[in-house]
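Okay, so here's the structure we're looking at.
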Protein chains: 2
Amino acid sequence: MSTATPEGGLHQRMLDTLGESIASGRLAPGSRLTLEDLQQEYGVSRTVARDTMRVLESMNLVYSRRRVGIVVQDPRHWNVFDPKLVHWRLLSERREAQYASLTELRIAVEPIAAAAAARRATHAQRGELGALAAELRRLGEAGDLEAFLAVDIAFHRLLLHASGNEMFAAIDEMVAEVLTSRTQQGLMPFRPEEAALKAHEDVAAAVSRGDTNKAEEAMHRVVVEVRQAMGLD
Amino acid sequence: MSTATPEGGLHQRMLDTLGESIASGRLAPGSRLTLEDLQQEYGVSRTVARDTMRVLESMNLVYSRRRVGIVVQDPRHWNVFDPKLVHWRLLSERREAQYASLTELRIAVEPIAAAAAARRATHAQRGELGALAAELRRLGEAGDLEAFLAVDIAFHRLLLHASGNEMFAAIDEMVAEVLTSRTQQGLMPFRPEEAALKAHEDVAAAVSRGDTNKAEEAMHRVVVEVRQAMGLD
DNA sequence: ATGTGCCTTTGGTCATACTTTTGCGACGCA
DNA sequence: TGCGTCGCAAAAGTATGACCAAAGGCACAT
């Protein structure tokens, strides 16, 4: 992804390049940079170099100290929930580790989000969820994987938002990336399994009638299927 | 609060003040600022004002456009997992909403983290977890709430790290803040309940012998107790 | 070997100037 | 009167150069 984003300001380009380098491990923890070096390497002014480092610092990817320079932080300090960092990690060779973490996060969050949605979703959201589940079955049985993916993403995204918990809603982009990658890497069966279609329908039905326990249980069935498909067991 | 952190760089102070204003809603979404205004108001140079805005922009608390200025974003775009934002929200009047979200997140994550720890914790971590559980019982029965809190935090923090999932580990500070506030606001019983002590011990024991199901179930007992104590049911 | 103090490196902050984008109003045309 | 076009000015984006403050490291003295 060397010439990935020719558009965007200088600051944005530099941030993406550097962020990706750090996220991928090409710039190892403990590596030291100086503003001077960065100005030269990226051909930008001190202003832009500083802005970039400030953002990276706020994500805890680096810290800066006088007389030392800018130092790449140990990964255990990174703000691993920052969508930018998640994106960079998914671009790197360590993609699999990021997928594994995200999948485990989904397994934790989505069932509870389903229960929350059963409690708090609006009338419109409950209806829409049912419609998406029905559409999933139609597309699944037709074997249209691409359209299936789009609706699957819409289903999970809607559920996370309907949970009424803004922290659950905030992981929607990450879930979408996981689902997309699973399809693209051919980890989906040629036709979605009957059990998966049924589970999605059960979630929608349980949310619709406000049955928190059943919603949680059904969503649990959805995500454990994912865990198995990704070989995390 | 207002004069909370006299130390720290100019940038840091300005960031905290502004971030708190936005997080609390005192600066409503759609509000427009300019670098010029901010320089004057905080008595800082353009450099510092820009650095601050860049960080707020990277958290999606604001966006900036030429000829318009810096605009406060709608809350639905905020990076609600950024520890800085979580902290600011906990300082605001809307504290309760943040606690509710965090508690629900704990309910989702901690049982799965316990199961993961049962699979992946090191020998040392398993031992330490058991020691902390025993210490919890001792302090709980002695009624020393303050020491109990410290060990409780250590217990949950260790478990999240032992899960081997860096995203789970990353919420440790937030969990610590929730636990602390619960004690400070007198939401803890004078003496921790027997069931809670037992549940912690069961978690440690299950993790120790690698029993993922039992670890998950026991941690579930721990967190539903929390949900009830915070009146979320 | 140890402590102590200067010296130089490097980020932190400030001031200023120029560039680029763009909202909006003024003006003209139909 | 309504609509489109052009241009101005406001505000962020970028660049430059200067000075301040901290702090690592070395030399020197003890």
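In the text below, chain A, chain B and the rest are named by the order of the sequence lines, each starting its count at 1. Every heavy atom of this structure was used, including side-chain atoms; hydrogens, water molecules and symmetry mates were not.
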Any side-chain N or O of Ser45(B) below 4.0 angstrom from OP1/OP2 of dC14(C)? yes
Derivation and outcome, side chain to side chain contact (heavy atoms under 4.5 Å, CB included), residues Val109(A) and Leu160(A): CA-CA 9 Å; Val109(A) 167; Leu160(A) 288 168; 4.2 Å; yes
Please state how far atom CD in Glu36(A) lies from atom P in dG12(C), giving the value in whole angstrom units. 14 Å
Along DNA chain D (nearest heavy atom to each residue), the more 5'-positioned of Thr47(B) and Leu35(B): Leu35(B)
In whole angstroms, how far is the C1' atom of dG13(D) from the CE atom of Met14(A)? 15 Å
Round to the nearest Å and state the distance from Leu38(A) atom CG to dA15(D) atom P. 14 Å
Do Ile171(A) and Phe81(B) have side-chain heavy atoms sitting under 4.5 Å apart? yes
In whole Å, what is the span from the CG atom of Leu10(B) to the C1' atom of dG12(C)? 8 Å
Treat primed atoms plus P, OP1 and OP2 as sugar-phosphate and everything else as base, then score nucleotides 18-27 of chain C 5' to 3': B for base contact with protein heavy atoms under 4.0 Å, S for sugar-phosphate contact only, - for none. --BBBB----
Of the nucleotides dT14(D), dT13(C), dG11(C), which one has an atom closest to the side chain of His11(B)? dT13(C)
side-chain contact (heavy atoms from CB on, under 4.5 Å) partner of Met14(A), chosen from Leu10(A), Thr17(A), Leu18(A), Asp16(A): Leu18(A)
May I ask you to say whether Glu166(B) pairs ionically with Arg89(A), meaning some side-chain N is under 4.0 Å from a carboxylate O? yes
Heavy atom of residues 50-62 of chain A under 4.0 Å from DNA chain C: which residues? Arg50(A), Arg54(A)
What's the verdict on side chain to side chain contact (heavy atoms under 4.5 Å, CB included) for Val55(B) and His11(B), showing C-alpha distance, side-chain angles and the deciding distance? CA-CA 10 Å; Val55(B) 173; His11(B) 166 247; 3.8 Å; yes
Are Glu57(A) and Arg54(A) close enough that some pair of their side-chain heavy atoms sits under 4.5 Å apart? yes
Within this structure, what is the CD-to-P distance between Gln12(B) and dA21(D), rounded to whole angstrom? 20 Å
Compare side-chain N and O positions of Ser64(A) against OP1 and OP2 of dG12(C) and report whether any pair is under 4.0 Å apart. yes
Are a donor atom and an acceptor atom from the side chains of His200(A) and His156(A) found within less than 3.5 Å of each other? yes
Salt bridge between Arg157(A) and Glu110(A), side-chain N to carboxylate O under 4.0 Å? no
In whole Å, I'd like the distance from the CG atom of Asp37(B) to the P atom of dA10(D). 13 Å
Side chain to side chain contact (heavy atoms under 4.5 Å, CB included) evaluation trace for Thr47(A) with Thr47(B): CA-CA 7 Å; Thr47(A) 310; Thr47(B) 310; over 6 Å; no
Whole angstrom value for the distance that separates C1' of dA11(D) from CG of Leu33(B): 13 Å
